[in-house]
Structure formats: structure tokens, C-alpha cells
Novice: 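Sending over a structure as C-alpha cells; questions will come in a sec.
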Amino acid sequence: MATAVQDVLGTSVRRTEDPRFITGKGRYLDDIKLTGMAHLAILRSPYAHANIRSIDTTRAKTMPGVIAVIVGADIPYNPLPMAWPAGGASGLQNNVSTPRTLATDSVKWTGEGVTAVVAETPEQAIDALEAIDVDYEPLPAVVDAEKATQPGAVQLHENAPNNIVFDWTVGDKDGTEKALAEAEVVVRERLVNHRLIPNPMEVRGDIGWYNPGTDEYTVWMSSQTPHIQRLLLTAFVTGIPEHKVRCISPDVGGAFGTKIFCYADMALVMFASKLIGGGRPVKWVESRRESYGSTIHGRDHITYVEIAGRRDGTVTGVKVKTFANLGGRLSTIGPGIPTTLYGRVLSGCYKIPNVYAEVTGVYTNTTFVDAYRGAGRPEATYVIERAMDLFANEIGMDRAEVRRKNFIPKDAFPYDNPSGLGTAVNGEKIYVDSGDYEPAMDMALKTAGYADLEAKRAEAKTRGKLLGMGLSTYIEVCGVAPSKWIGAVGEGWGAAMWESSNVKVHLTGKVIVTMGTQPQGQGHETTYAQIVSHELGIPMDDIVIQHSDTQGTPFGYGSYGSRTSSVGSTAAIKATDKIKDKARRYAAHMLEASVDDIEVDGAEYRVKGSPDKKKTIQEIAFALDLGFSLPAGMEPYLDETAYYDTPNCTWPFGTHIAIVEVDEETGETDLVRYVAVDDVGKKINPMIVDGQLHGGIAQGVGQALWETAVYDDDGQLLSGSMMDYALPRASWLPSFELGETVTPSPVNPLGVKGVGEAGCIASTAAVANAVNDALSPLGIKHLDMPFTAQKVWHAIQATKGGRA
Amino acid sequence: MIPNLFDYQRAASLDEALALVGSPGTKVIAGGMSLLPLMKLRLANPERLVDIGRLAELKGVRELPDGRLAIGALTTYSELAVSPARHYGLLGDALPDIGDVQVRNRGTVGGAVAHCDPASDLPAVLLALDAEIVARSKRGENVYAADGFFTGAFSTALAEDELITEIRLPGPRDDAGSAYASLAQRASGYSIVGVAAIVIKEGGSAITKAGIALTGVGDAPYRAKAVEAALIGNEGTPESIAEAATHASDGVTVNGDIHADSEYRTAMAVAYTRRAIAAALGRLG
Amino acid sequence: MAEHMTEHIALVVNGTPREGDVEPRRMLVQFLREDLELTGTHVGCDTSQCGACTVTIDGMAIKSCTMLAVQADGANVKTIEGMQAADGSLHALQEGFWAKHGLQCGFCTPGMIMAASDLLARNADPTDDEIRHAIEGNICRCTGYHNIVLAIREAASLVRAGASAPTPTSITA
Ligand SMILES: Cc1cc2nc3c(=O)[nH]c(=O)nc-3n(C[C@H](O)[C@H](O)[C@H](O)COP(=O)(O)OP(=O)(O)OC[C@H]3O[C@@H](n4cnc5c(N)ncnc54)[C@H](O)[C@@H]3O)c2cc1C
Ligand code: FES
Ligand code: FES
């Protein structure tokens, strides 16, 4: 039989998951309908800051279809866990306040859950919310992180003086101060990285089902991390034993970080299902407007950056002070984002000898902030890439040349950051694994026509447009992360970060692979199958990838931080290595040869020198799975599990160039071209890699040009729906021009690095630099994002010395 | 997400609809593109909806014997876009950018006019064109001039018991050029500023008539009379248009919100008025 | 609270006559998803902005979250579930989206395909700009639209070639 199987690794095969999605047969959370299912709706605080005096649910209880009305005091659960205290074991104080399942005595942002109704239909649940009377004592609010730390500011939590969650530092303070003091040039700027609302197209929701017969719970959740949620919900929140809970994540309609976390509603549906009895499942699905207060936001940094260097273009030091807004209470890993994932990559792709950062995490009366696509790294990229431009402009040197001069040279890898950015508090290090930054930049410059920039500018000017070009020579830390680095004594995540895979070759030669990771549109069912097919020589059509259910998949940490392709895939390869090893030993038994004489070629296991003596993996699986004849000590079945802990992170890089035009009269800013040259190492499926880049670029461009969460001083979210929060639409974007270089990562056998966040990490800074470049002829040195027409217009007016 | 409870009645004839309109708690629904979003957010909570969506007599575009164009109130934007109305330059400009294709397939001309959203595009077009709005009630027919009809945010001169049946546009003329130019609020797609301009040169090289109307700027779409006055007798040089456009929001209390504060909106009213006039003149050749 | 009546509706969905008794406040999308269990049509917002709920009525794209089920009484509705031919072969748009990687999480995809079907009915050979304009009422958060544009262009050329797009038998084909 053994016809040669086409090697699909590295090719753009169509996605295995698509047939169900293009025919309307995907199964997202809200598509699940269970017998006897009741519906839950949550009444949310209209105030950003208030004490709850009393809650009267009498009227609501009599409304049609209402089964139960729940207030916070009814629920015996603990507050939600906070799993990534900044600083970990370093003794750094994290003044923790996390949400409860429902608020009990105070609310800290508009949208915090206060009361819940369970009813027969979603309509009845929503109708009954209007019959609940909550008596609030409104309090003054503070929404700006910097102002919240100042004397006299409104205080949110007794355990957090001056609203400070933590004061975290990284890098070499003395060295950096000295570099600044001795520098020929120091440029200082205040940079605002504004707040975003992530907006995956599928909102969040959960279904809780308590089975009174078995005393077990099943929780369906639109989540990136079902295993972690089971752990957190049981060990930290509800006290229900872990083995009594099963978490299932069905098809997930986008997540971008928002679905990593442990949310109050997950515990609430568990509680509600048990409360109403009868084994009835309870479903909650947020509305889009509701989600703006019930699901995390992203970014929201105020940063003071100082960049020092010589007039020859050498950067000698960077000092950063950041106020990171974390919202009214902490989300699951909120403090980890502006610290580990931000401060530790602040020197970008540059060999800067002295770097020091201080980050203050702050409570404000706003929706909690946590990881949104890129998580910390877009913020860091924005700071360093803006700073490089500001420095170049100050010394009058070309922006690309300043970058070139400061790139970590290609022979310096693995690169250990001299200021200790890669060194965890336990002394463990991560290194920048590999890189070769100049070719990617040169390719991007050439494609974009950087050399003709001034001619392009002049041409645009004749049309009343200010043209600008912006570079972002980003790097990204992916494949998080070595457990001993990130783990309990390392950086502060209260757990490890390895991944897992189980591979079974069944009797019929079909392969079932179960993974601890969890896709949200990235095509894992395709890419893992490509890898396993390549490794085992079994056609992709004979392989299925299963995930997202704590029952039947090995424990895994889920998908985020661009970790699946480097950490998850390697786990799969380790499992197939074990499969191949056992198959080889069994082939030796079948062929009556010594193991050392068996050579493996795709699906074929042959005796060296006797090409006719061979068995296919399918034949081996058949015999071994039956187990009629086994060599001494060998167990039946081809079934292997591997856990893989990565020795290091991976570091994609590249150069993105945005070309924008600003209408000088109206301030309208358009992205006219976008060039991206990325090096993500080897690619498992280039089509999927490109797709990840496209989507990431669009989100990053969205931040720079249109998207912004705006609160008024009372903590009301003014951009409280899609009517006011501008998500990128098709006609606002050009098609993207992608290029690549390939520097395989030495960290893992595939040489892959990760790509889920790269586009988003690079593009915001590229567009910001482009708009600032466009405005520079008017004498504007720095304008913050988002470059809405009105903001750009005001900036232009200010240069005219008139009204601003 | 889910409206409050209400009763529903589909009108089988215009007379049946007219018998129901105006009773307390009753609202008419046509395409529902304005009403249903409000009801879903429970900002509008009618007790009863009267669906006029099936009334064939209110559909379609006809040319009247005198050359005017009569547009049935239930004509959708999509239908309008393939009707003779598309030859009016300003309608050809405005229609493709109103909402999106799904909204244009459902949203009706009558609904847009009756709803009078402060940022609605069509009312500005009708104002500039000196259109007529025909209304019916049990009491009979009433013809309103567009100028004066749009009285404020979400309010018009229409009586409680009246339904809009038809919109009448003056006949097309060779000596007129028109255009629509707008600056969109990115999230909602509605206009921050929308300007409808029509300029007429009866013989000669000077403008003899002008209709300039703005939406998004004030409480309701309005005619910019000061701009029109400045244009009359004007040859349409760039300088003179620019000067005329500076009066775009004269006498209007200009809106401000997170997308455009009143200072920016005022400036954009001027800029877009100039652009619309220039484009209209450009079409005049 | 006063008693409110339910209404009886009868309509054709994907070629099949369907009936139901609905509260007047029931949106078409809920009728499709909850009563008819056609869950391919999605809900992505509550302000009529995202287009995830797009279906066609007589070939015209509409947002089923902004239409009452009672308004669709008697209508001829098509949802994503009705796009495949009777023999199961894919519609050119489904083929195009699959071939060009026009989807990632797939949540916006049914609405995108239905909106694009309205475009292709009006315009057999749309430019990229026309495609981008035609899907302005549909938000995709995953793809940056780049491949969606390619997918619709591909579908248009399949339709022009007259081939009812074949279903590949294997994903590696
Ligand atoms: C996503 C979205 C985007 C939009 N973007 C734009 C935009 O860019 N520009 C723009 O101008 N508009 C925009 N709109 C609004 C749209 O143009 C209007 O909603 C639509 O034209 C209203 O018509 P309708 O038939 O849907 O009215 P309905 O919603 O049915 O009714 C609106 C109001 O008018 C009343 N009414 C309806 N018909 C009559 C009648 N014949 N006589 C008397 N009263 C009547 C109703 O009682 C109701 O109060 C948008 C809407 C949506 C949902
Ligand atoms: S659900 Fe968003 S437009 Fe219908
Ligand atoms: S594919 Fe995920 S929203 Fe479009």
C-alpha cells in the first residue's frame, strides 16, 4: 500500500476547520441549546464608583418566567484569583483587589455585575432586570492612571494607598542615570498609549450545568484556556474539587486575549445551575454593549520616556516611567502585562547598553485591563520606536540609519540584555534567540520606496495632502515561556507554561491528536495535522486534532502569547517522536531485525540493506494496538503523551512601513500603503501565517487611527457601543504588501517563532511614526494616537498660531 | 438587545394605517432601520407598532407630467439608487454612503424624513433641492415644503396623525449642478458634517440660484441661507466660494461630541460646504 | 403588564416553508437561530453595526438583527445554511472563502458571504474597491479584510466562468 504521502509541512494547505464555518455549521457558545436550559442576565452598575446601600429584588422575583434572583451576598465563593503578581517572589507588594462573582458592597466601574436574574427565556431575564431596585451611594470617580496616584485623588481600595497596585522596576538604574547624565543628546517625551476595547466578533458567554446525579459541573465557556479556568474556578474561587468540574470551550469566534481570563460570570452560571436545581443548565451571553464593561480592555499607558545618545546616532540609554491603568479591580493577569511583557522588551531590537524602567500599576474607575493582542509588547514597541524617531529627528539623522546603527548585530545571538531585562528575579534568564535585522529592513525600505520619500511628499502636497512614512523595526517575544523563568520563583505567574500533546495511532491507522492548546481562529486543526502528518508519514485526512475540553485532552496552558506554534507544536513533535520510537522497536520485532537496523522513511519502517523487509506505520499500529504478539516489556497500543517546556522564548522581528496621507484642511488621515517584512522563522502553513499578519496589522492600524475607549470624568464610557467605538472596516484599509526573511529559531526543532501578535505589535508604531512624519513639516514633534480627524486638525491648527 | 413587549398590526391599506396612526403609544414602522435600534436599546418603547411596510401604494418612483419626480415614502435607498433619482448629482453622491448595503436595502425615504436624525443625510438633500413632502391623514392631504419641515432633533412639522406618503423633487434641469460631500463619523457611519449643494446658472456665468443644506451640524438639518445669498451673482471663483462657505453655520448652535467638538465641526462645515459647492459647479461645466 | 399577543408567521427559508408563533418583539435572527435552529447566522452586536446577522431576502442582504420576524412574514429568506447546492457542492463564495483563507475564527463569515452574494448578484466583476464598499456593513476582526477581498474576487471569477464551484474531495488536493 504505502503510496508516498505528500509532505504538507510548510505548504499552504486549505484549512481543515473551514468546511464547518463556511456552511454555517460552526458551533459557538450561543449556538448550544441544552434541554431544560435557563437563561441568566446580569444587572450592571450604572455608576463608576458607588457604595451599594441595598438591593431590592422583590418585584423582579414576581416577574413572568423568573426562576431566581441572585445577589452577591448569596454566593459563598472567594473573589476571583489574580495569578500574575508583578515581581513574583521578589517581595514586591501587589495590593490586590479582584472582582467577586457579584459585587457585594461597592462597585468600582460602570458595568461591574451587581445582581443576576435566572429566567425561562433570555427575554424574561432581561425584562426582570428592570424591576430590580439598587440603592447606590454614588462616589466621585477617577479614570486617569497618572492622576489617580496623586495626593488627594479619589481612593478606590483601602489596601491600595494612592490607588497603587505595585511599583515595579527592571533594568540598570544607576547605569541608565549615568548614561543620561553623560549623553550628548537626551530627548524626552510623554507618550500616551490609549485604551482599547478588543472586540472579538463573538462576545463572551458561559453555560453552567450542575449534575445532581454525579455532583459534577460542566462549564461551557468561550475561552482560550479551559484547563486554566477549571484550575482557577475550583482551587481558588468556588472550592469545588477540580475533578468535579469539566470545562469545554466550543468554537471560539475570536478572542485576542480577552478570553484568557477567569471571569465572574463563569462562577455565576455554576452557582446558578446548582441553585435552581433540577439539573438545569444556565446560560449567560453578554451583549456587545454589556461586554464593554464585563470583558477586559487593553493598553492604557501613560509613559515618560527619555532616550540618550551620541550625535553619531548611537543610543546609550533609555529610561522609562509608565503608569499602567489596570481598572477598578484586577483581572487574572493584569499586573503581568505592563511588567514582564512590557518592561522586559523595552529595548526592542537595539543593542542599548543601559535601560531602566519603572512601572506603576494603578486602580481607576474603569473596566479592568489585561492582555489584548500583543499584550505589553505593542506598548513597548510604541515607546521604543517612537523614541528612536524622536532621537533621530533631534540629531538630524535618517530614521532608518539610526536604527541600523543600533541593531543587535547578527553575530550577537543568543543576546543577553546587558541591563538585565531578560533576567528574572530568581536569576533565570531568557535570551533573544536569533535575528538578522538589516535584510528585513532593507527589503521593506526598498518595497516602500523609502528613498523617494521626499518626492512622494512633494507630490502629495500638490493634492493638499501631507504624506508621511513610518518605520517600525519591531521584535516580539513569543513562545512564552520557560516555566522556571516565568514560574513561581521566577517572574510571578503562579504556574508553569509548558504544553502538552497526546498522539494515538488507532487500529485502523487513523490518528487522534489531543492538545492542551485552544484555537480561536488560528487554524490549529490544520497546522498540527500538517506537523503530525510530516512526522508520521500519515496523510492529513487521516489525522484529527482535538482540543478545548478538559475531558479528553491533556492539561495545557492554552493559546495566547503567540506560544502555540513554538511550544504546542514542539509538544506534538515530542509525542510523535515517542510514537516513532515505539513503532521502530515494534517494527524490529515484526521484521525480526535489531532496532538499530530499522530505518524510518515517512510511514515506512525498513530493515537497512533489505528494502523489501518493511512495515508501514499503519501495519505496525494494527498489530501493536491488537497486541497479540508483543516483545518483552512492551505495552500494547501506539499512544504517547509528551509535555514540553521550552528552554527559551522565540523572537520574531521585522520591519513594517506605513504610508499615510493627512488632509491638511480637515485632519482626515488615510493609510494608503502598508509594507510588512516579517521574520517569523520557519512556517508551518504560509497562508495561515499571512492571515495572522493581516489581521494583526489591521488591529494595530485600528488603534493608531480610529479605535479609542473614552471615559468622561465621572467614569461613564462615552464610546460605549459600536456606534461610538470605531472598528476598522474594509474600505478604510488597503491590501497589505507582505515580504519575508527566514531566520529559523534555534529554540525548537521546527525553527518556528510564532506570529499571532506580530502584526499588531508592529503596526501601531509604524502608523504613529508615519503620521508624526507627515506632520513634521509643520513643526509638530509628537502627537499621540489615535489620529482621529479632529485631533489631527486641532494639532495642525495649533501650529498656525491661531485657535487650537 | 431585546425590545420591550408591544403589539403588532400590519396595515393592509393606507386607510387602515391612517385610522391607527396618532393613537397614544402607537408608532409606525417602515424599514425599521431607525426605530428598531432604538427599541432594542429600550430607548423607544411603543405599546403598538403599525407596520406600513407592505403598502404598495407608497412604493416606487414616478415622473410627474410636469417633470417633477415623485418618490413613494416606502421607496428604499437601494431602489432610489437605481431609479431616475440617481441622475441628481447630489443623490448619486449621497446614496452609496448612507449606512451600508443592508441598511439601504431596508431603510426608506419616508422613514429617514420622518425620523429626522440630526445627522441624517437625505433631509439635507431634500432641503437643498427644495423638495416637497406629501403627508396624509384621515383629515386629508398636506404638502410641506422641505424648508421648515425639519424642526429639531428627531422632530418635524408632521402632525401626530399624519403619514408621509410621497416626496416630490423638482424636475431635473440642465442649468443646475449639484453635489453632496460629507465627513463620516467612523464608528456609526453617520455624517459629522454633510453638505448638499445645488447651484443654478440661468444663462450667463453667474450663479442665479443656490440651495445649500447641512446635516450633522446643528439640532436638525438646515438650509444655509447666508451661504446661498453669498453665492447669488457670484461667478464661482475659488475665492468667492470659499468666502461664501464661511457662513455655513451662521446662526446655528453647533453640536459637539467625542468625535467632533463644536470648533472642529464648525470648521468642517465650512470646508465641506466649499467642497460641495465646488463639486456642484464642476458638474455644471 | 398588559397581555401581549403572539403572531403567526409563515415564510420560506432556504427554499423550505417554515411557520411559527412569535412575540412581535422577536427579531428575525432569533427566529432563525432559536426557533428554526439555523445557528449559522450570528449576532455580533446590539446596534446594527457588525453584519454578522446578514441574510438575504429575495437576494438582498439585510441585517436580521434589525428586522422583526413578523416583518419577514411571507418573505423568501436565505441563510448561510442555504448556500450549498442540493448535492452538497459549495457555492462559489464558500469555495472562494475556503481557497483564499478568507476566514479565521469564522464568526463573521456567514454574514460576509451573504453580503457578498448581494454584491455578486448586482455586479459580476467587482473591483477591489467595490468589494470593500459592499462589505462595509460587515465587520471582521480577524482577517484585516485582505483575504476576504481575494475570496470574493475569486468567487466572482468562478461565477463568471460558469462553473458551479466544485467541492474538493480532499483538503490537500
Ligand atoms: C447601521 C445603520 C447605519 C445608518 N447610517 C446612516 C447614514 O449614514 N446616514 C443616514 O442618513 N442614515 C443612516 N441610517 C439611518 C437610516 O437611513 C434610516 O434609519 C432609515 O432611512 C429610516 O427609514 P426606515 O424605513 O427604516 O424607518 P423606520 O425605522 O421604520 O422609522 C423611523 C421613524 O420614522 C417613522 N416613519 C417611518 N415611515 C414613516 C412614514 N411614511 N410617515 C410617517 N412616519 C414614518 C417611524 O414611526 C419612526 O419613528 C443608518 C441606520 C443604520 C441601522
Ligand atoms: S448583529 Fe450586528 S448588525 Fe446584526
Ligand atoms: S474571521 Fe473572525 S471575525 Fe472574521
Side-chain angles (χ1 to χ4, degrees), chain A residues 6 8 12-28 30-31 33 64 123 199-203 251-256 287-289 520-523 526 539-541 687-688 690-692 694-699 701 721-723 727-731 733 735-736 759, chain C residues 1 23 25-26 33-34 37-47 49-50 52 79-81 83-84 90 93-95 97-99 101-110 113 128-129 131-150 168 170-173:
Chain A
Q6 193 187 337
V8 288
S12 294
V13 296
R14 291 180 177 210
R15 297 202 320 170
T16 321
E17 38 278 269
D18 287 358
R20 68 177 186 271
F21 295 133
I22 57 180
T23 56
K25 309 248 167 25
R27 194 168 153 85
Y28 303 91
D30 199 21
D31 301 340
K33 203 173 174 179
E123 289 84 352
N199 277 299
M201 289 317 298
E202 183 206 20
V203 291
D251 284 330
V252 174
F256 314 115
S287 75
R288 177 63 61 184
R289 282 161 58 97
Q520 318 110 46
Q522 300 94 328
T526 308
M540 258 184 91
D541 288 353
M687 174 187 83
I688 289 178
D690 285 356
Q692 292 295 309
H694 296 152
I697 291 168
Q699 282 182 351
V701 172
S721 82
M722 281 190 183
M723 297 278 287
L727 293 165
R729 290 177 188 271
S731 63
L733 292 165
S735 288
F736 308 123
Chain C
M1 186 175 299
E23 281 185 348
R25 66 171 164 173
R26 199 156 190 75
R33 288 178 50 80
E34 287 160 34
E37 302 194 353
L38 293 170
T39 54
T41 303
H42 298 147
V43 175
C45 74
D46 41 18
T47 52
Q49 237 74 49
C50 76
T79 71
I80 188 69
E81 288 91 346
M83 289 299 272
Q84 276 163 284
L90 294 177
L93 278 162
Q94 294 171 314
E95 174 66 22
F97 272 72
W98 193 11
H101 189 30
L103 62 147
Q104 291 179 24
C105 77
F107 196 80
C108 71
T109 312
I113 288 179
D128 285 7
D129 282 349
I131 292 171
R132 287 181 182 273
H133 186 249
I135 55 170
E136 272 220 306
N138 295 71
I139 298 175
C140 175
R141 194 58 159 160
C142 296
T143 64
Y145 306 102
H146 182 111
N147 284 347
I148 290 180
V149 174
L150 298 185
S170 156
I171 47 150
T172 54

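Not measured: the values here are computed from a predicted model. Every chain is numbered from 1 and lettered A, B, ... according to where its sequence line falls, protein lines coming before strand lines.
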Novice: Examine whether an atom of A/Gln692 lies under 4.5 Å from a heavy atom of chain C, and if so say whether it belongs to the side chain, the backbone or both; otherwise answer neither.
Specialist: both
Novice: When only pairs under 4.5 Å are counted, which of C/Gly40, C/Cys140, C/Gly144, C/Cys105 shares the most heavy-atom pairs with chain A?
Specialist: C/Cys105
Novice: Could you tell me whether C/Glu37 and A/Lys33 have a side-chain N and a carboxylate O separated by less than 4.0 Å?
Specialist: yes
Novice: Would you give the length of the straight line joining atom OG1 of C/Thr109 to atom CZ of A/Phe21, rounded to the nearest 0.5 angstrom?
Specialist: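 One finds 8.0 Å between OG1 of C/Thr109 and CZ of A/Phe21.
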Novice: Name the region of C/Phe107, side chain, backbone, both or neither, that has any atom closer than 4.5 Å to a heavy atom of chain A.
Specialist: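 Backbone plus side chain of C/Phe107, per the 4.5 Å heavy-atom cut-off to chain A.
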Novice: Among A/Asp30, A/Val203, A/Val701, A/Ile697, which has the most heavy-atom pairs under 4.5 Å with chain C?
Specialist: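 Of the options given, most contacts go to A/Asp30.
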Novice: Do C/Gln49 and A/Leu727 have side chains that get closer than 4.5 Å, going by heavy atoms?
Specialist: no
Novice: Any side-chain heavy atom of A/Ile22 sitting closer than 4.5 Å to one from C/Met83?
Specialist: no
Novice: Is the backbone of A/Gly691 close enough, under 3.5 Å, to the side chain of C/Gln104 for a donor and an acceptor to pair up by distance?
Specialist: yes
Novice: If you tally heavy-atom pairs under 4.5 Å against chain C, which of A/Ala698, A/Gly253, A/Gly254 wins?
Specialist: A/Gly253
Novice: Could you check A/Glu202 against C/Arg141 for salt bridge (Lys or Arg N to Asp or Glu O under 4.0 Å), going step by step and ending with a plain yes or no?
Specialist: CA-CA 10 Å; A/Glu202 183 206 20; C/Arg141 194 58 159 160; over 6 Å; no
Novice: Counting only heavy atoms closer than 4.5 Å, note whether A/Tyr28 contacts chain C via side chain, backbone, both or neither.
Specialist: side chain
Novice: Please enumerate all residues that pass ring pair (Phe, Tyr, Trp, His ring centres under 6.0 Å) together with C/Phe97, with sequence neighbours excluded.
Specialist: none
Novice: Where do C/Ala99 and A/Arg14 come nearest, in terms of heavy atoms and distance?
Specialist: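 Closest approach of C/Ala99 to A/Arg14: CB-NH2, 3.3 Å.
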Novice: Nearest 0.5 Å, please: how far is OG1 in A/Thr23 from CG in C/Leu90?
Specialist: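 If I round to the nearest 0.5 Å, the distance is 7.5 Å.
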Novice: Decide yes or no for A/Phe256 and C/Cys142: does some side-chain heavy atom of the first lie under 4.5 Å from some side-chain heavy atom of the second?
Specialist: yes
Novice: Any chance you could measure C/Leu38, atom CG, to A/Asp31, atom CG, to the nearest 0.5 Å?
Specialist: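 Output value for this atom pair is 11.0 Å.
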Novice: Just say parallel, tilted or perpendicular for the rings of C/His146 and A/His694, cut-offs at 30° and 60°.
Specialist: parallel
Novice: C/Ile113 versus chain A, heavy atoms under 4.5 Å apart: side chain, backbone, both or neither?
Specialist: side chain
Novice: I need the single residue from A/Arg288, A/Met723, A/Met201, A/Arg289 that forms a side-chain contact (heavy atoms from CB on, under 4.5 Å) with C/Cys45. Which is it?
Specialist: A/Arg288
Novice: Could you state the interatomic distance from CG (C/Asn147) to OG (A/Ser735), rounded to the nearest 0.5 Å?
Specialist: 9.0 Å
Novice: Below 4.5 Å from any heavy atom of chain C, which atoms of A/Ser721 appear? Answer side chain, backbone, both or neither.
Specialist: side chain
Novice: Who pairs with A/Arg20 by salt bridge (charged side-chain N to carboxylate O under 4.0 Å, His left out), at least two apart in sequence or on another chain?
Specialist: A/Asp251, A/Glu525
Novice: Go through the atoms of C/Gln84 and report whether side chain, backbone, both or neither lie under 4.5 Å from a heavy atom of chain A.
Specialist: side chain
Novice: Which region of C/Asp129, side chain (C-beta onward) or backbone (N, CA, C, O), has a non-hydrogen atom less than 4.5 Å from a non-hydrogen atom of chain A, or is it both or neither?
Specialist: neither
Novice: Between C/His133, C/Glu34, C/Glu136, C/Glu23, which shows the greatest number of heavy-atom pairs under 4.5 Å with chain A?
Specialist: C/Glu136
Novice: Is it the side chain or the backbone of C/Ala134 that comes within 4.5 Å of chain A heavy atoms, both, or neither?
Specialist: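 It is neither, since no heavy atom gets under 4.5 Å.
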Novice: Give, as side chain, backbone, both or neither, the part of A/Leu733 having an atom under 4.5 angstrom from any heavy atom of chain C.
Specialist: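 Interface part for A/Leu733: both.
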Novice: Taking all non-hydrogen atoms of both residues into account, name the closest pair between A/Met722 and C/Thr47 and its distance.
Specialist: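 What the structure gives for the nearest pair is CB-OG1, 3.8 Å.
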Novice: Is it the side chain or the backbone of A/Asp690 that comes within 4.5 Å of chain C heavy atoms, both, or neither?
Specialist: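 Nothing of A/Asp690, per the 4.5 Å heavy-atom cut-off to chain C.
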Novice: With a 4.5 Å cut-off on heavy-atom pairs, point out which of C/Thr79, C/Val149, C/Leu103, C/Val43 contacts chain A the most.
Specialist: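 When all of C/Thr79, C/Val149, C/Leu103, C/Val43 are compared, C/Leu103 has the most.
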